[in-house]
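Working notes for the structure below.
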Amino acid sequence: MATATHLLTEKEATSPGEAVVVRFAGDSGDGMQLTGGQFTLSTALAGNDLATFPDFPAEIRAPQGTTFGVSAFQINFGSTAVETAGDEPDVLIAMNPAALKVNAEALREGGLIIADEGEFTARNLAKAGYEQNPLEDGSLGRWQLVHFNISQLTLDAVKPFGLGNKEALRCKNMWTLGLALWMFDRDRQPIIDWLKQKFAKAPELAEANIAALNAGHAYGETVEMGAPFKQHHIAAAPAEPGLYRTVTGAEALALGLVAGCQLADLPMFFGSYPITPASPLLHHLARLKEFGITTFQAEDEIAAICAAIGASYAGQLGITSSSGPGVALKTEAIGLAIMTELPLVVVNSQRGGPSTGLPTKTEQSDLYQAVYGRNADAPVPVIAARSPADAFDCAIEACRIATRYMTPLMLLTDGYIANAAEPWRVPDMSNYQSFPVRYFSTPPAEGEGVMPYARNEELVRPWIKPGTPGLEHRIGGIEKAPGTGNIDYSPAVHQKMTDTRWMKVAGIAQSIPDQEVCVGRQGAKLAVVGWGSTFGPIHQAVRRALAKGQDVAHVHVRHIWPMPKNMGALLRSFDHVLVPEMNMGQFKTVLRDQFLIDAKSLTKVSGHPFRIAEIEAAIDATLRSGT
Amino acid sequence: MATATHLLTEKEATSPGEAVVVRFAGDSGDGMQLTGGQFTLSTALAGNDLATFPDFPAEIRAPQGTTFGVSAFQINFGSTAVETAGDEPDVLIAMNPAALKVNAEALREGGLIIADEGEFTARNLAKAGYEQNPLEDGSLGRWQLVHFNISQLTLDAVKPFGLGNKEALRCKNMWTLGLALWMFDRDRQPIIDWLKQKFAKAPELAEANIAALNAGHAYGETVEMGAPFKQHHIAAAPAEPGLYRTVTGAEALALGLVAGCQLADLPMFFGSYPITPASPLLHHLARLKEFGITTFQAEDEIAAICAAIGASYAGQLGITSSSGPGVALKTEAIGLAIMTELPLVVVNSQRGGPSTGLPTKTEQSDLYQAVYGRNADAPVPVIAARSPADAFDCAIEACRIATRYMTPLMLLTDGYIANAAEPWRVPDMSNYQSFPVRYFSTPPAEGEGVMPYARNEELVRPWIKPGTPGLEHRIGGIEKAPGTGNIDYSPAVHQKMTDTRWMKVAGIAQSIPDQEVCVGRQGAKLAVVGWGSTFGPIHQAVRRALAKGQDVAHVHVRHIWPMPKNMGALLRSFDHVLVPEMNMGQFKTVLRDQFLIDAKSLTKVSGHPFRIAEIEAAIDATLRSGT
Amino acid sequence: MNEMTTLTTAKDWASDQEVRWCPGCGDYAVLKAVQRTMPDLGVAREKTVFVSGIGCSSRFPYYMSSYGFHTIHGRAAAIATGVKLANPELDVWIITGDGDALSIGGNHTMHVLRRNLNCQILLFNNEIYGLTKGQYSPTSRVGTRSPSTPFGSVDRPVTPCMFALGSGARFIARGIDVHKNLPDVLKAAHAHKGASFVEIYQNCVVYNDDVFASFTQRDVASEKQLWLKAGEKMLFAAGTKGLALDAQRLCLKVVAGDDPSVITHDPRNKGIAAMLIEMPEGFPVALGVIYEDPAPTFESAVIEQNKAAAAGKSPDLQGLVSKGQTWMVEKEPHQL
Amino acid sequence: MNEMTTLTTAKDWASDQEVRWCPGCGDYAVLKAVQRTMPDLGVAREKTVFVSGIGCSSRFPYYMSSYGFHTIHGRAAAIATGVKLANPELDVWIITGDGDALSIGGNHTMHVLRRNLNCQILLFNNEIYGLTKGQYSPTSRVGTRSPSTPFGSVDRPVTPCMFALGSGARFIARGIDVHKNLPDVLKAAHAHKGASFVEIYQNCVVYNDDVFASFTQRDVASEKQLWLKAGEKMLFAAGTKGLALDAQRLCLKVVAGDDPSVITHDPRNKGIAAMLIEMPEGFPVALGVIYEDPAPTFESAVIEQNKAAAAGKSPDLQGLVSKGQTWMVEKEPHQL
Ligand SMILES: Cc1ncc(C[n+]2csc(CCOP(=O)(O)OP(=O)(O)O)c2C)c(N)n1
Ligand SMILES: Cc1ncc(C[n+]2csc(CCOP(=O)(O)OP(=O)(O)O)c2C)c(N)n1
Ligand code: SF4
Ligand code: SF4
Ligand SMILES: [Mg+2]
Ligand SMILES: [Mg+2]
C-alpha cells in the first residue's frame, strides 16, 4: 500500500501479485482526467493498491484532435503493493487518432489497444499526422487491437434524453468508463451515485451519463470479442485494516498543513500567488476556513511570502506556496525570515524548467535552490515528500520544525506528487503528538530591556506577538546584537550571529529520527539513495533486484537539510551509492559535499517520472562495474 | 605590485622589504575617506606598492562623535609587493575619542597613536563611552602616543581666509594629511593641484585647505617631538616599467566592461538599481556615454535585468549589477536568459548578509547563489575577481564568455574590492585580443524555416537581431525544439535541451586557461585554495610560509564555474587542501562535489577581510595535524 | 522610427504556428484585429516586435509572423524597455493580461507609462487568470467566485485605465475584443508617439464567460457604449443621450442628446478623463481614445542625452584606461 | 479596533535608540510630529506597529517605542497586509520613501490601496534615494543631476497622490515635514478607516536640499499652499485667492477669494481630486486631505467571510481527514 508508513519487507517484494496498467487517452475536451479519477476511485473501493499519473497538456483547451492537446491518465493497480504508475501500459484506451499517436509507443509489446473508430476520420487522422488509418493498415501489429465506434454507440445510448449532438458526445467518457468497469469486474454504483450528485441540478445529464455508463458496461458483457478482450478480476491487495480513501498530493499536503497548524495550536495564514502545479493547494485551503485559516491570493509571489512573514510576526503560522520560478522571487524575503528568525513554511511544488519551462511536467530540479539558493550564509531546513500520502506527514513535520526552531523551512513536492492519487489509510489524529506554541509574554524586570534575541538551549529566540504589553521591540533585516536585537555591525557580533544561525539549523538534526533503510540491508554492496517522488520506481526496482538476489538497499531521504545524524555512517557502510534524481544530479552534490562519498548520479530530465526498468538497469550496471 | 598579471616569485617573497600600515580614523563628517584617497595617490606617486581598506558606517551621516559614526581608511604601503591592507596598523591617526575607541585595539603593540586632543572634550569622551580621558589616564600604555590640538592648529592656520568656525574646522583633514605627508617624506604638489581644481569655484576654500595642508606639514618639520615621531622614507617598490595609476575595484570593473564591449564590438546596455556596494559601477558607467553605453536606472532589480535581457535580445550587450539581495530578485529572469540563450553579464558586488545584513561590510557569501541559486537545472558560468585591478581583466573575460557562448554569466566581486584602491599598470589595449560579435543574418533558403536554435560546434545558437529581414522568429521561456525553437514539451526534447544547455556551459572550460599555481609548487603538502578578494592575505601568508620553509602552495581560482580542465588533477596533487573563505564554506562545497577531495574550510564571517596571520595560523595547524 | 511604409496583407502577419486558445476565446478576435490592422500601419514585419508576459493572452506573439518574445510573468514592459532603448527603430508592442500587467507586473506597467516609452500596450482584460485555470484577478469584481475564492472575492478591483492615468500615461484607450472599432483604436495607439495604453475587454469563455455582457451584448450596446471621438460631442444611445457637467455637484451627468450642455471630447483634459473612466452605474462605458496628450518619449530623450554627452568626445579606450593621476615607472624591475 | 483610549505622552513614544539621520534632515520633524500625535489618538504602544521598508525614512520604526518591523526594500505594504490580517486589533502604520513605495514597491503600494487595508501609509517624499547616497528617484523632476544621472534625469516623474488615486485609494492627503499642520493630517489619516495615503514632502538636506522651497519657503508659503478643508471654500493667499471651475475648458482656474464661483471642497469628488493633485504652474500646491471616500476595509471583509464560511462548521480534524469516498479494509493483512 503506497502509504508513507507502510514499507514492504523483502519477503513481500519477492512474491509478485497481479497488476495491470491502464492508460486512458483522449482529447483535452474528452474528460479523460475525470474518467481516470472515477476509475481510480472504483479501483480503490475494490481494494486494489494503486498509483496514478495524470499527464495533461499545458494549454487550457488545446484545439481538438491535435497531438499537443492529448490528455492522458495512467493507473497501475494490483493485488500487491503498487508504488508507481507503471512503466508500460498493458491497456491503452485511445479516444482519437492523436491519442493513439502519442501513446501507442509506450504500450508494452502485446498490450491491448481499444480505439474509438468513430473518431478516426480523415480530418482527425491528418491532424494527428497519420497518412493512413492505423486501425486498418496493420501498422499496430505489435499490439492487440480492438476498435468499435464508441461515438456512435454513445449517441445511441443517450438518444432518449434529447441532448444536442455535442452534449451527447460528451458522454463518451462514461461509456468508456463503463466498458473499463466491466473489464475489471467493478461495481458501477459508486459512479452512478457520484453522477447523480454532480448533475443534481440537471437530472437529464445525470441520466444520460448513467445510460452511457451502463451501455459501455453492457457492451463488454454482451458483445463477443476476440480473445484479448476478456474480463479480469484483480484481487484486493493486502492492506492494514482501517478506513481508507484516495488522496492526491495536493490534498494530502493541504490536510497535513491544517493538521500541523492544529497540532501547533496556531491559526494558519496562507499567502500564495497561483502557479502550476502549486495552485491546487491554495484552492483546497481556501475552503477550510473553519480551521482558522486565512488564505490570501497576493499580487505576486513576493507579496505572498511577505504577507506570510507579516502574519508570522503577528503570531500566526505563515505559509507560502509556489513552484520554482515563483520560489525564485521569494528568495530575498526568505533572507528576511532567516534574519528575523520567524517561523515560515515555503512549499515548492516543483515543475520542469528552467524559466517557464514545462509547467505541467514534473521534475525535482529545485533542490539546489532549496538548499543553496540564497545570497549570504542563509541556512534553512529542507524536507521533501516522497508520495501523495507522505505529503501529509511531511507537512506536519514542516510545521513542527518551523515553529519549534523559529525558522523558515522549505517543503519540496513536485508536479507528479501534487496530481497523482493513491489510497491512503486515514490516520488516527489522536496518535499524533501535538506541539503547541507558546508565545513569550513576560515583561522584563524593572530596569531590564526586552530581549527578542535571547535564546533557549536549542538556540531558538522567543516568539513575541505584537499586542503583548511591555514587550514592545523592533526587529529587522539588519545584523543585530545577541539578546537585545539592536542593530550591530561589529565584526564579532556578525561572526557570532552567523555561527548561531548556522548551528540552530544544524541542531534540528537532534530532533529528527535516524535515517532508515527502506528495504535491503545496511552495508549492502549498493545503496540506491533517493528523495522525493522517485520513491516508487526506486522502491520497486530495488525489490526486483533483491528478488534477483542482488545485494542492494533503498534509502529514501525526507530530511534533506539538515540530514539525520546517522546519515554519514549509514552511507559509508555501502560499497556504492547511486542517486537517481529527476535533475542533473543535485542531491548528489549535497551528499558528496557532506560525506565525501563517491555518490554517483542517475539523472532523468524529461518531464516524466523514472521507469522502474531504468533504475533496474542502472543497478545492474553499477553492480557489474563495481565488482 | 598588486596587479592581476604580476605574481611574485618565491625568491621575492622571501626578501621582505619595508612596509608601513597607517589608519586614518575620524567622524564620518571628518573627511577621512578623502584624506585616505589623497594619501593613497601620493603614496602611489612615490612609487610604493600599496593596498587600502576603506571602512565606513552604514549611515549617511551618523551623529557626530558616536562610535557607530566612525569612518576609517587604512593603507598598507611598502618598498616591496603589498597584497593586503595590512593586519595591524603601525600608525593610527584618531581625530576624536570615538575613533580612538573603535580603532585602538587593532593597532600593533608599540604602534603610534596620533590624536587630536582638541576633540577630547568631556562631551565627546562621554559619547565614545570613555569615563576618563585616555590621553591622560595612561590606559594607552601599550602604544606610543602623541597628541596635540589639531583643531586649534587648523583654526589658526586658516584664520586669514575668514571662514566660519564650522567651515574652518573642515580643513582639519588637510592639516592631518600635511602631517602625514611630512612623516613619509612626500611631495605636496599633487595634492595642492587637486585642491585647486576641486575648489576652482571657491578659491578661498582652496587657499584655506592648502594653508592647512602646509601647516600640518610644517608642524611635523619644526616641532620637536619625541622619538616615535620621526620621518620615514619608504623606498619605491620594484615594479614593471610602464604607466601607472590607482584604481578601485569599481573603477576597474567599469573600465573592464567598457573594454569588453569594445573588444566585442558591441554597444553596452547597463541596467541597474542602486544598492550598496554595487552603485558606484552605475555611477562610473553613466559618465561614459561616448563609448556607446546606455545606462538605465530601473525601478527595481527585476526590471534592471529584464531590460538588459531585452537589450541583448535587440543586439546590445546587456549587463546588470547588484548585490546579494538584489541578485536574489534577478534569479527568475536569469532563468529566462538561460532558456533564450542570450548573452548577459550579471555583476554581484557581494556584501554581508543575509537580508539587509551589513550593507557596507564585505563578504564572499554569494557563491552558492551564483553557482546553484536558481530553480531547475540552470547552469551559468561564474567568475570572480581577486583584486581591484583584476576586476578589469575579469570584466573583459565576462564579456567574452557571455557573447561567445550566448549565455548569462555571473561576475563576482565584493565590497572590499569595490572600494579598495591599488596601483595599476595601465594596460596596453592593443595587446588584448578582440572578439567581435557576428550576428546571424542569412535568411533561410526558400521553403526552409528560421533556425534560432541551430548550434555551432560549441553548441552555441546564433544571435539574430530583430530588424533582420527574413529571420523573423519567436523565442520565450518555454521548453523548445532544437533548431526551430518552437514550443515542445516532449520528453526526449526536454532531456536533449537540458543536456545541451549543460554541455554548452561545461564546454566553456575548453576556452579558458589551465589553472596555475600562484606561488609554491604543484604537489606540495598543502595547497591554500582561494577565490575572490582573499587573494591578498592568502598570498602573503603563503609567501611567509614558504619563507619559513613550509611546503605550501597558493592556488587562486578565477573560473568558479566551469573550472579549468586541469583543476581536478592539480588539486589531487596536493596532500591537503585548505579553502579560506569569507563565508561558511561555500567554494569548499563545489570542490568536494566536483573532485571528491577532502578540502577543508577556513571561514571568517565578520564583515572584515582575513588577516594574514589568521591564514598563517591555519597553515601551521594544517601542516601540524597533517604530518 | 522608420517612416517608410511597407506593403503587407493581413495574411502576411500570421505565423505558421497553430493557434492554441480555447475555441470561442476572445483572444482570437483580437489576433484577427491586429493582423488586419498591421498592413494599414505600413510597418515591416522585421521591424516589429511583440513582447509578452505569461498568460493565455501572452501566447499572442507566437501567432504573429514578426519578431516576438514571450518572456516571463509580469515583466514584458521591463523587457520591452530594453528592446526599445537598444533599438528605437523597432516598433514595439506589449501584449499582456490583467494578471500579467496589473497583478505581478503592476510596477513595471506604472514605470513604462510614466517614462513614456514609445510602444503600444495591449492589455487583454478578461477579469480572470485564464492560463492558471480561473482564479480571480485584480480586475475581478467583488464577489467573484473562483477556485481561490470559493466564497467570492472580497478585494476591490483596480480600474486599469484609472491606474494608467494615475501612473502618468499619455494615451489611454479602450476597446472590445469582437467590436468592429478595435482596429481604429489600435491605429490611434500606433499613431501616438509614446506609451499607448489600450485596455481590451476580452471574453474568457471558459472561466469568466459573458462578464462584460452588460455592455457588450448586442441589445444593450448602443445604450451602454460611449465611443469617444476627439472634438465631437459625447453622445450615445444613437445620439439620443449625451454627457454634460453638473455644475453643482462638479461631476458628469447624462442629458438628452440634443441638450446644448453636452460636452465635447477633448482628449487632453485629464480631469474629465478621470471622470469618464470611472462612470457610475446608469452611465455608459467610455470607449475609444479617452485621453491623449503627447509628451517626449523616453527613448528619444535617452538617445538625445547619450548623443549630447558623447558629442566632441571620442571612444578612446586607451585614453580612458590611462585617465586620472598617473605616474611612470622607468627603471627595470629588480632582477629576481 | 480597540476603541478604548490610552493615555500617553509624546515622550512615551520615543524608543531608547539613538536617532541616526543627518543633522537637519526633515525626518526628524516627521518623527517629532508623529510622536506628538500618538497621545491624541488614544492608542496603546503595544497595539501599535510601525512597518517600514528600506531607506533613510524606513529607519523610523527604531525610534518609536511601539512594536516595529524594519523589513526589506519595497515590501512594507505586503508585510503589513499579513500583520493586519493576522491581527486586526493592531494599529498598523507603514513608513516608506519615494524609492521604497514608488520605485521597487510600486506594485504593493497599488495593491494595498485598492484592497483598502486599514492602515496609515506615510510616504516620505524627498524626491531622492537618500540611503544609497543620492541617486534620482521616480519622483525626481526631469533634469535632476545625481550620481546615476550626471547629465540630468530624463524620465518623467510619477505624482504620488495621482498614483494613489489611480490605484483606488480612498484617503489621500499631503503634508510637509516641518509644517505645523502635519499632526492634523496624521490625525485625519488615523481617523479614516481604510488605507490612508499621506505624502509628506520631506527635505533631504544632503542630497536634495530645498527641492520643495518653491512652495515651502516662508515668504511664498501663503501664496503657494492651498490647505484643503472639507466643506470649506478652496481659498489660499490668506483668502485673497480661490479656485473655481472653468466651465468652458472644464478645468480649475484661480479667481479672487471673494468670487462667488470659488468652489467648496468635497473630499468625495474623485474627478476634482484628480485636478487638485496635479495643478499646473501658477497654481498653489494642494495640501491636507485631498480625497476621502470610505469603503469597507480589506481585513474586515476577509474576517467577515472567514467567519461566515466557518459558521456552523466545527474544526474537526479527524472528520476532515476522513472526508471523501472512503472504504474499510477489515481483514488482517497478509502474514508477511
Ligand atoms: C513567476 C510566475 N508566477 C506565476 C505564474 C503563473 N501564471 C501564469 S499566467 C498567470 C496569470 C494569467 O492571467 P492574465 O495575465 O490575466 O492572463 P490570461 O491567462 O487571463 O490571458 C499566472 C498566475 C508564472 N508563470 N510565473
Ligand atoms: C532589494 C534591494 N534593492 C536595493 C536596495 C538599496 N536601497 C536601499 S534604500 C534605497 C532607496 C531609498 O530611497 P527612498 O525610499 O526614497 O528612501 P530615503 O532614503 O530617500 O528616505 C535603495 C535603492 C536594497 N536595500 N534592497
Ligand atoms: S482559458 Fe479563457 S482566456 Fe484562456 S484561452 Fe481559454 S477562453 Fe481564452
Ligand atoms: S541622506 Fe537625506 S534623507 Fe537621508 S538622513 Fe540624510 S538628510 Fe535625511
Ligand atoms: Mg486575464
Ligand atoms: Mg527618498
Side-chain angles (χ1 to χ4, degrees), chain A residues 57-58 68 302 323-329 331-332 335-336 338-340 348 350 352-358 360-361 363 365-366 368-369 371-379 476-479 489 491-492 494-495 498-499 501-502 583-584 586 588-589 592-593 596 598 604-608, chain B residues 57-58 68 302 323-329 331-332 335-336 338-340 348 350 352-358 360-361 363 365-366 368-369 371-379 476-479 489 491-492 494-495 498-499 501-502 583-584 586 588-589 592-593 596 598 604-608:
Chain A
F68 58 82
I302 299 174
S323 186
V327 174
L329 290 169
T331 52
E332 190 208 359
L336 178 66
I338 292 172
M339 272 309 232
T340 51
N348 182 349
Q350 301 165 92
S355 195
T356 309
L358 305 90
T360 59
K361 305 290 173 188
E363 205 159 285
S365 54
D366 299 346
Y368 276 165
Q369 183 190 49
V371 177
Y372 303 121
R374 289 162 294 280
N375 56 300
D377 290 299
I478 298 186
E479 190 57 287
Y489 298 110
H494 183 40
Q495 183 75 58
T498 302
D499 291 341
R501 286 186 288 263
W502 192 265
N583 63 45
M584 295 294 275
Q586 301 188 2
K588 174 224 58 173
T589 293
R592 288 168 71 103
D593 174 33
L596 211 71
D598 194 8
K604 176 169 186 179
V605 192
S606 74
H608 280 264
Chain B
F68 57 81
I302 299 174
S323 186
V327 173
L329 290 168
T331 52
E332 191 208 358
L336 178 65
I338 291 171
M339 270 311 231
T340 52
N348 182 348
Q350 299 164 94
S355 196
T356 309
L358 306 91
T360 59
K361 305 289 172 188
E363 205 158 285
S365 54
D366 298 348
Y368 277 163
Q369 183 191 48
V371 176
Y372 302 119
R374 287 163 295 280
N375 58 300
D377 291 299
I478 297 185
E479 190 58 289
Y489 298 109
H494 183 40
Q495 183 74 58
T498 301
D499 291 341
R501 286 186 289 263
W502 192 265
N583 64 44
M584 296 294 276
Q586 302 189 0
K588 174 225 59 171
T589 293
R592 288 168 72 103
D593 173 33
L596 211 70
D598 192 8
K604 176 169 186 176
V605 192
S606 73
H608 280 263

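In what follows, chains are A, B, ... by sequence order, proteins preceding strands, each numbered from 1. On a predicted model such as this, the values are computed, not experimentally measured, just so you know.
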**Prompt:** Would B/Asp377 and A/Glu363 count as a side-chain contact (heavy atoms from CB on, under 4.5 Å) if you check the C-alpha gap in whole Å, the side-chain angles of each, and the deciding distance to 0.1 Å?
**Reply:** CA-CA 10 Å; B/Asp377 291 299; A/Glu363 205 159 285; 4.2 Å; yes
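The OH atom of B/Tyr489 sits 6.5 Å away from the OG1 atom of A/Thr360 when rounded to the nearest 0.5 Å. Note that OG1 of A/Thr331 is 11.0 Å distant from CZ of B/Arg374, once rounded to the nearest 0.5 Å.
When all heavy atoms of B/Gln495 and A/Ser606 are compared, the pair lying nearest together is OE1-N, 3.9 Å. B/Arg501 approaches A/Pro354 most closely through the heavy-atom pair NH2-CD, 3.6 Å. Closest approach of A/Tyr368 and B/Tyr372 over heavy atoms only: CB-O, 3.4 Å. Closest non-hydrogen pair, B/Thr589 versus A/Asp593, comes out as OG1-OD2, 2.7 Å.
Looking at A/Met584, both its backbone and its side chain come within 4.5 Å of chain B, counting heavy atoms on both sides. With a 4.5 angstrom heavy-atom cutoff, A/Ile338 touches chain B only via side-chain atoms.
B/Gln350 and A/Asn375 share no donor-acceptor pair across their side chains, judged by distance under 3.5 Å alone.
Here A/Gly357 is the residue among A/Gly357, A/Gly352, A/Ala492 with the most heavy-atom pairs under 4.5 Å with chain B. Per-residue heavy-atom pair counts under 4.5 Å with chain A were compared for B/Lys361, B/Lys604, B/Lys588, and the maximum is reached by B/Lys588. In terms of heavy-atom pairs under 4.5 Å with chain B, the best-connected choice from A/Asp598, A/Asp499, A/Val327, A/Thr340 is A/Asp598. Among A/Pro491, A/Gly335, A/Ser323, the residue with the largest count of heavy-atom pairs under 4.5 Å with chain B is A/Pro491. Of the listed residues A/Gly476, A/Ala378, A/Ser365, the one with more heavy-atom pairs under 4.5 angstrom with chain B than any other is A/Ser365. Note: B/Leu358 leads B/Leu336, B/Leu358, B/Ile478 in heavy-atom pairs under 4.5 Å with chain A. Heavy-atom pairs under 4.5 Å with chain B were tallied for A/Gly326, A/Gly607, A/Pro379, A/Pro325; the largest tally goes to A/Pro325.
Side chain of B/Gln369 to main chain of A/Gly373: no donor-acceptor pair is present (N/O by atom type, distance under 3.5 Å, no hydrogens or angles).
When side chains are defined from C-beta on, A/Ile302 counts as touching B/Ile302, because their heavy atoms get closer than 4.5 Å.
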